[in-house]
Amino acid sequence: MTVQQAPVALTAKELTSDQEVRWCPGCGDYAIIKAVRSALAEIGTPRDRTVFVSGIGCAARFPYYMATYGFHTIHGRAPAIATGLKLANPELDIWVVTGDGDCLSIGGNHTLHVLRRNVDVNVLLFNNAIYGLTKGQYSPTSRVGTKSPSTPMGSIDNPVSAVEFALGCGARFVARSVDTLQKHLPVVMKRAHAHKGASFVEIFQNCIVYNDGAFAHFTDREIAADTQVFVEHGKPLLFGKDNDKGIRLNTSTLKLEVVKVGENGVTVGDILVHDETNKVLATLLAQMQPPSFPVALGVLYAEEGLDYTTAVYAQVAAAKSKKKAVPMAELLRSGHTWRVGV
Amino acid sequence: MTVQQAPVALTAKELTSDQEVRWCPGCGDYAIIKAVRSALAEIGTPRDRTVFVSGIGCAARFPYYMATYGFHTIHGRAPAIATGLKLANPELDIWVVTGDGDCLSIGGNHTLHVLRRNVDVNVLLFNNAIYGLTKGQYSPTSRVGTKSPSTPMGSIDNPVSAVEFALGCGARFVARSVDTLQKHLPVVMKRAHAHKGASFVEIFQNCIVYNDGAFAHFTDREIAADTQVFVEHGKPLLFGKDNDKGIRLNTSTLKLEVVKVGENGVTVGDILVHDETNKVLATLLAQMQPPSFPVALGVLYAEEGLDYTTAVYAQVAAAKSKKKAVPMAELLRSGHTWRVGV
Amino acid sequence: MSAVSAELPRHIDRRELESVVIRFAGDSGDGVQITGSQFTDTTALAGNDLATFPDFPAEIRAPAGTTFGVSAFQINFGARSIATAGDAPDVLVAFNPAALKVNLSDIHPGGLIVLDTGTFSARNLEKAGYATNPLEDGTLTKYRTLKIDISKLTLEAVKEMGVSSKEGLRCKNFWTLGLVYWLYGRSRQSTIDWLQRRFASRPEIANANIAALNAGHAFAETAEMPGEISSYVVPPAPLEPGVYRNITGTDAMAWGLLAGTQLAGIKLVFCSYPITPASSLLHALANLKQYDIVTFQAEDEIAAACSAIGASYGGALGITSSSGPGVALKGEAIGLAISTELPLIVVNAQRAGPSTGMPTKTEQSDLYQAVFGRNADSPVAVLAARSPADCFEVGIEAVRIATKYMTPVIVLTDGYIVNAAEPWRIPDMGAYEPFPVQFRTDPEGFHPFLRDPETLARPWVKPGTPEMMHRIGGIEKSFSSGHISYDPENHQKMTDVRAAKIDGIANDIPLQTVEDGTEGGALAVVGWGSTYGPISRAVGNLRAEGEDVSHVHLRHIWPLPRNLGDLLGKFDRVLVPEMNSGQLVTLLRAQYLLPAEGLNQISGKPFKISTIEAAIREQLEK
Amino acid sequence: MSAVSAELPRHIDRRELESVVIRFAGDSGDGVQITGSQFTDTTALAGNDLATFPDFPAEIRAPAGTTFGVSAFQINFGARSIATAGDAPDVLVAFNPAALKVNLSDIHPGGLIVLDTGTFSARNLEKAGYATNPLEDGTLTKYRTLKIDISKLTLEAVKEMGVSSKEGLRCKNFWTLGLVYWLYGRSRQSTIDWLQRRFASRPEIANANIAALNAGHAFAETAEMPGEISSYVVPPAPLEPGVYRNITGTDAMAWGLLAGTQLAGIKLVFCSYPITPASSLLHALANLKQYDIVTFQAEDEIAAACSAIGASYGGALGITSSSGPGVALKGEAIGLAISTELPLIVVNAQRAGPSTGMPTKTEQSDLYQAVFGRNADSPVAVLAARSPADCFEVGIEAVRIATKYMTPVIVLTDGYIVNAAEPWRIPDMGAYEPFPVQFRTDPEGFHPFLRDPETLARPWVKPGTPEMMHRIGGIEKSFSSGHISYDPENHQKMTDVRAAKIDGIANDIPLQTVEDGTEGGALAVVGWGSTYGPISRAVGNLRAEGEDVSHVHLRHIWPLPRNLGDLLGKFDRVLVPEMNSGQLVTLLRAQYLLPAEGLNQISGKPFKISTIEAAIREQLEK
Ligand SMILES: Cc1ncc(C[n+]2csc(CCOP(=O)(O)OP(=O)(O)O)c2C)c(N)n1
Ligand SMILES: Cc1ncc(C[n+]2csc(CCOP(=O)(O)OP(=O)(O)O)c2C)c(N)n1
Ligand code: SF4
Ligand code: SF4
Ligand SMILES: [Mg+2]
Ligand SMILES: [Mg+2]
């Protein structure tokens, strides 16, 4: 936002539209919308300055359920539409809601460019590793071997890692959370919103109908403590039930390893401290996968930088101060003209 | 290639078609085609098993000048077309020739997917950081501030780094070279060809007409020794006129630094040894930029993995062994049928 | 309250019925589609002709009990030839209040409504938007109703079967099916067999469903059934002798494309991106890999079209499929195939638009896009399937034209055709003449844009063929050398020859015949695609009444059959019913300067026979 | 050999000329386009009417001396109104052998050819594909020639100016221009002024060019010029009084769109992706940022269209532009704008296709794409500009329709129109009635698909407006609530209302008038777009001969003017010349059942007047 306004008082209920929600009962999207509403209530941007732009998919139904402005567009193109909207009015708070197919299959190119341009919009990727709306085909984030109507013998494509991709695109804010983490999610969203420039948030979302339990190996409550690490800037990367496991960098192999504090002489001082401004660290964290590693959640990377529309309007202002915007009638007469008759 | 065949004897001349070359005099593309011909002559795949597929742009004229099979397609789609071609005939040697606009602007999504799927084609990106064919608009790799017909006040988008992008997409072979490096280029291309799966090679190419000298700050002969480092698996990352500068990892900041062997007690043993199987190292190297760092050239990353069409045909074979391909007449009668009359 | 109460007009006529239309409707979770397809299979085995129309809700899994979560399946079966799924159901089976709410207005007075009273709770009535209970407020007085607490009776029937009560309740569709089987004198055996196969690994589920099926049947047969109702009889239809099966448009298209590539002797590479209602073709072909088929789920529709083109360049037949919005994305790539003269098939399962529109609803509004929807002068062949089974023939014909003329072929189906099923007399594969592709291998005098003097097709060369190396691309090329050419006269010549090639296909397709009626007269009703059913029935009905009306149905939309203009010229009037705002009619008027008129319905639903009959009568009265 | 030799027929008639066509041709590096535009400016100042046609080579910078590197610029100027760049040049200025080779066949016998003999080296002759030297082998006997070693004379003229010999040789176009100025009695002053401005920072270059210009002029004037040649006179044309300028289609469109948004009182957001020949509009608008214009080079055409739609959703006017293949990619997004009823302008600078085709050559073959090229029933407004200057009016009209009717408007120009320039009488901006957009801000009774009863347009609401929060999307919505709706009748109603809205635009545009001729008669020649020039001249010529032929030219392609059918019905015959295979003619035949016939040229070049004249005569003789 270029204009800072005092936050207004808002409740989750005021952010809820009158439309009947049409996700399957038990869908992770319910949890996410709850978290978004609570984050937005805390952020306090007036509802009339908030816009949700989405593509197509189950996730993309999101805007209908928010009592803000909303645009449910076409498959994969939400980042481009959001860019145009931001160009027209940089003062809007724009959220892009997208699914793994929408964002990384058909929409991969627009995701790349909205991120590298650093357009000040917040991209929320609901990753359920499946095409929900079209009834269950595998997606670019589905693990190899996913059986689906289009891959009855199992998928063979290597999945893309959403956050590694975002980092490779030049994203300056990359974060990750899980649909069920109702405390963590709003925090991440507030950070994304506060970041000036494009923010990219991957949310692991359970599709109960077509890909139930796709992330259970690190989201199940019983094992979560050992399979998730919450990264926080300036804090050591510790995790585990007893918070005694940690991530250490093996400087000779340049690879991460999981160690236990107190074992083999490992102290907390040996544990990597998270630095969200270090892109290489973010890449290393992004690559961690169970079972060898916990999944890194939180803000993996955040780097300040000029956002796109600010730069665009700075040029418009510069143009105005350099060349006078003479009235149309005068513009038409600029350059060579000549008079006939009269 | 699935079928290994003995290489045939080939000369650069035999690889040259009878079509008049239509690049501007002095264009870097001339040097690249020379290097490609010499690499192909050494590789020795018969001309009739080699196919060049390109999109649209100056670079994309490439196939016309090769006495192999060639398909000059549409803007940005060469990776998708090459994928289909490889699916139809996995025994072909397929090279994709693409420009920075073709590959990273309109074609970004197909580049992502051909790389993550690991389709066994060799992508050669001729990066001149400009749109040559359409007369000089800035491209996604143009540095900020590029004045061009569409950005008369200078471009404001952050450029994308081709190799960081490729790594983020999950590419398993990523290399870099320069149009004028006539010894280095063929070596890189031979490595790309030998790699089974998708290979991605970025070639810095000078567009003498619209972006002359865009890379001069690290390609000019006089300064090249100090602004380029040639990475080789298992060898220390040394460079400089006297080969006494090196790249070291600062393990506390997790950042690279340039040091001088012999100064401040630095020995060759302190210098990072290139490990082309380490993706994080590749990311670090990819990020190095003049003037603080030399540009890393050579094979930044190479990791074995099942290639796409091998997996596809393995499934076809598995399907055949599991379900009999009964004749059509029988297939039509499978499941419930009933007889009327007779 | 007893489990059943019947309010039936007395003295029901137990006569043999010529045809019956039943609609099953319920929550997405009620197994409505399975019930419908089991009834269909059994009905087909009984020798009736039939047509079906599955109607899916737009939501994946809408909250239970809501109107927008209602799924329906309609079947029309009869002792005579059946062309459509029927205008209005004679029987509605409603598994819950929402299903009743959504479907009631389609039932004509006196129709039979079978209801599960067990679902008419206050909560469900509210979710369905009923202020008062329709079972009690007189809503249903116009209809015959069978109000049964199916839920309760099902739970009783399965209680000994070792399934949970949730699983038990899921059997209520089979209980109901048992009842309906009794009504029409159907055998339960094929359904029992199917359940045993389907739940081979969970026999308790199979047994529970079978128990429910039998219980529903027994219920109808026994005293608990109101005495006035007995079994109807719908005798077998006089079908052509042969072996029959049921087939959906999707399966018929998959098999037709496979059969076509076998007749052509080439590999099929199918590249697509999921979209409703086109995805099912990808699913069907993905299950046929044993035929050396490669299926590829691309990253988007552009990549799908482009990879198909790449495959065709490689010497396979590249096929892609989508629905309207996805086909829109393929336009530029189709232009490349036109310019490089590569075979390509684009199957468009049309749906209601514009834009996302109503993805689960049917429409025929992509004819303009197929014929005209690209930049530049870029003609292609366009075919349309008229019914589920017809997809087989159209699939083969598309392969023949694409490979013989080295051209893209656009095939139009629609949401109705791909999902619906009809009985199909399995054709004799031996009767199809093979049309093997001749790849060029002779380098003598070769260039890639040489032409066959008869078809005007260019030679097809597989990369990998010795000494045939050549380059092609989307830039204009010289007629005489195949190289890039910017020569003005050459461009004219190439544009003309591309058009002439497509135009020439008209010499290689059957002359247009009259489907039903005479070669001239007062009125021709011209249709294409899935309007076949209602038009043929409407024309048939009115001809039976002695009206001078004939039915002409197009398979070839472009080029049009050579004699079509003359044929239509022999009628006083031409009426063109379309599920769009008038697209074929534009083509016919422009081509033949005939004052053809449109009958246009854009509601996401197939035409009713009565709508077309009314329009015909109006035309005849003019 | 002396520096000049002339072979001219004796006794040249020194009469005043009514019009002259000159073509400058040379290597891309020869400064041909600059020469042409300087000649144009000077000619305009002299009071002639004129039209120009720049013809760029397909290559960026082809190797010097090759035929495919030849660039050309043609100007037709006269003492009467000039409508086209002329059929065949009276004068060819050829800067090298390749330029002669490529252009000679267009010159009619007796035409004047000015040659730089200094470039006729063996090497250059070979590169141009000349086996023998055309200066010597009789090739040129049919023509009048001025063979001058311009290279040598230029170097001599600039040798004192302190430029390198490479830079000096680059002045030869100005030497030649000086000579041509003398031939037509032109003042050098405006060119001298231009050179001084252009090379303000390198005065030695300016001076060298001025010296060359003067030297060429002096050469012609002095004894070294063959005695038989003297200056021709082309008197001023009787132009309407006013202030004039030269303008290209690109600049006129940029200014028209800007003027339109000013009249509408909204911000212009222009989103595009480069493509020949559309890119120049992006370039032009990128230079107008001081008008609060935002220009955005998107990652591809889809993103360009989508970001424009996003901008319109945001309350600006989103405009996108491309050429055929790029517009093909925008089809799906245009559908979204149709469904959500957002204003959007899509400017298509048409080029020769299909596929990549001949990007630098002109064509009119995207009319089908504009009118029909999308999935589903998705009507939009389509406008076409007839000439470079007309782009200004069309740009304004497109903004008016898009914002008033909340609809996409497709604007068709072409490669000829965008690059060519013509003198333009600068309109009085005060004469344009503003059409300010009224954004809705009143929440009372609001929903986003309410409609203005007259225009049927829905209200436009800027996000950011208090208490007007709402959601829109590409799914079908309820006519009465604006919410998602799958209701069959509603879909029919919405489809009908979308069509009626576009159709209603016909009530808000001028009735079709006859450009030249009468409201009825033997033959109407109906054109659209850039065929305006040759049609108007051909019809004018034949009417001057007393033929009964009239010219009707369309700006509004869809909807068509209300009276068009009636108007055309008053003619015995209708002829439709198009630079495509017959696209408007399809529309007219389908709409009006008129036996309109096409005159079709698909060569990448504008029609010659003579071609149209011949076709008219043929029609009149039928
Ligand atoms: C152009 C286009 N192509 C395809 C589709 C069909 N389609 C709708 S949503 C979707 C993918 C949904 O997957 P995802 O983005 O992961 O969202 P989810 O439903 O899982 O939330 C597809 C393929 C479409 N609507 N438009
Ligand atoms: C669909 C489409 N959009 C745009 C173009 C115009 N176009 C041709 S090449 C090109 C970009 C060229 O840049 P690059 O890929 O970097 O190649 P280079 O010419 O620099 O080698 C563009 C925009 C096109 N031909 N097709
Ligand atoms: S299909 Fe999956 S993602 Fe879609 S609404 Fe249902 S549970 Fe959620
Ligand atoms: S424009 Fe640039 S990239 Fe293109 S051919 Fe010329 S020098 Fe090479
Ligand atoms: Mg998903
Ligand atoms: Mg480039």
Side-chain angles (χ1 to χ4, degrees), chain C residues 58 68 302 323-329 331-332 335-336 338-340 350 352-361 363 365-366 368-369 371-378 473-476 486 488-489 491-492 495-496 498-499 580-581 583 586-587 589-591 593-595 601-605, chain D residues 58 68 302 323-329 331-332 335-336 338-340 350 352-358 360-361 363 365-366 368-369 371-378 473-476 486 488-489 491-492 495-496 498-499 580-581 583 585-587 589-591 593-595 601-605:
Chain C
F68 52 86
I302 298 175
S323 287
V327 174
L329 288 167
E332 192 208 4
L336 177 67
I338 292 169
S339 172
T340 53
Q350 299 165 97
S355 194
T356 306
M358 308 195 299
T360 52
K361 304 296 168 196
E363 203 161 283
S365 52
D366 295 346
Y368 279 164
Q369 175 174 259
V371 178
F372 298 121
R374 289 161 298 279
N375 58 302
D377 289 307
S378 44
I475 301 185
E476 187 59 286
Y486 283 82
E489 274 118 63
H491 181 49
Q492 179 81 53
T495 304
D496 291 345
R498 282 187 290 261
N580 63 41
S581 297
Q583 302 194 355
T586 295
L587 216 60
R589 288 168 62 98
Q591 288 298 305
L593 296 178
L594 283 168
Q601 173 178 307
I602 315 102
S603 64
K605 298 221 169 220
Chain D
F68 52 86
I302 298 175
S323 287
V327 174
L329 288 167
E332 192 208 2
L336 177 66
I338 292 169
S339 172
T340 53
Q350 300 165 97
S355 194
T356 306
M358 308 195 301
T360 52
K361 303 297 169 195
E363 203 161 282
S365 52
D366 295 346
Y368 279 164
Q369 176 175 259
V371 178
F372 298 121
R374 287 160 299 279
N375 58 301
D377 289 307
S378 43
I475 301 186
E476 187 60 286
Y486 283 83
E489 274 118 62
H491 182 48
Q492 179 82 53
T495 304
D496 291 345
R498 282 187 291 263
N580 63 41
S581 297
Q583 301 193 355
V585 79
T586 296
L587 217 58
R589 288 168 62 99
Q591 287 299 305
L593 296 178
L594 283 168
Q601 173 178 305
I602 315 102
S603 66
K605 298 220 170 224

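Quick note on labels: first sequence line is chain A, next is B, and so on, each numbered from 1.
Heavy-atom minimum distance, D/Met358 versus C/Glu476: CG-CB, 3.7 Å. Closest of all the heavy-atom pairs between D/Pro354 and C/Arg498 is CD-NH2, 3.3 Å. Taking each heavy atom of D/Gly335 and C/Ser355 in turn, the nearest pair found is O-CB, 3.5 Å. Taking both residues in full, the closest heavy atoms of D/Lys605 and C/Pro488 are given as CE-CG, 3.6 Å, listed atom of the first, atom of the second, then distance. Minimum interatomic distance between C/Gly331 and D/Ala328 (heavy atoms only, all atoms of both residues): C-CB, 4.4 Å.
Residues D/Gln350 and C/Asn375 are not in side-chain contact: their nearest non-hydrogen atoms beyond the backbone lie 4.5 Å or more apart. C/Lys361 is not listed as a side-chain neighbour of D/His491, based on a closest heavy-atom distance of 4.5 Å or more. Using a 4.5 Å cut-off on side-chain heavy atoms (C-beta onward), C/Thr495 and D/Ser581 make contact.
Scored by the ring-ring contact (aromatic ring centres under 6.0 Å, His included) test, D/Tyr368 finds C/Phe372 as partners (sequence neighbours excluded). Qualifying side chain to side chain contact (heavy atoms under 4.5 Å, CB included) partners for D/Pro595, counting only residues two or more places apart in sequence or in other chains: C/Leu593.
Contact count against chain D (heavy-atom pairs under 4.5 Å) is highest for C/Ala376 among C/Ala352, C/Gly373, C/Ala376. Top candidate by heavy-atom pairs under 4.5 Å with chain D, chosen from C/Ser323, C/Gly357, C/Gly604, C/Ser378, is C/Gly357. Among the candidates C/Ser339, C/Ala499, C/Pro325, the residue making the largest number of heavy-atom pairs closer than 4.5 Å to chain D is C/Pro325. For the set D/Asn580, D/Val371, D/Thr360, the entry with the most heavy-atom pairs within less than 4.5 Å of chain C is D/Asn580. For chain D, the option among C/Pro359, C/Gly326, C/Gly474, C/Gly353 with the highest count of heavy-atom pairs below 4.5 Å is C/Gly474.
Interface remark: C/Ile302 contributes side-chain atoms only to the contact with chain D (heavy atom separation under 4.5 Å). Both the backbone and the side chain of D/Leu336 come within contact range of chain C, with heavy atoms under 4.5 Å apart. Heavy-atom distances place both the backbone and the side chain of C/Ile475 under 4.5 Å from chain D.
Between the CZ atom of C/Arg589 and the CG atom of D/Leu594 there is a distance of 10.5 Å, given to the nearest 0.5 Å.
The backbone N or O of D/Ile602 sits less than 3.5 Å from a side-chain atom of C/Gln492, completing a donor-acceptor pair.
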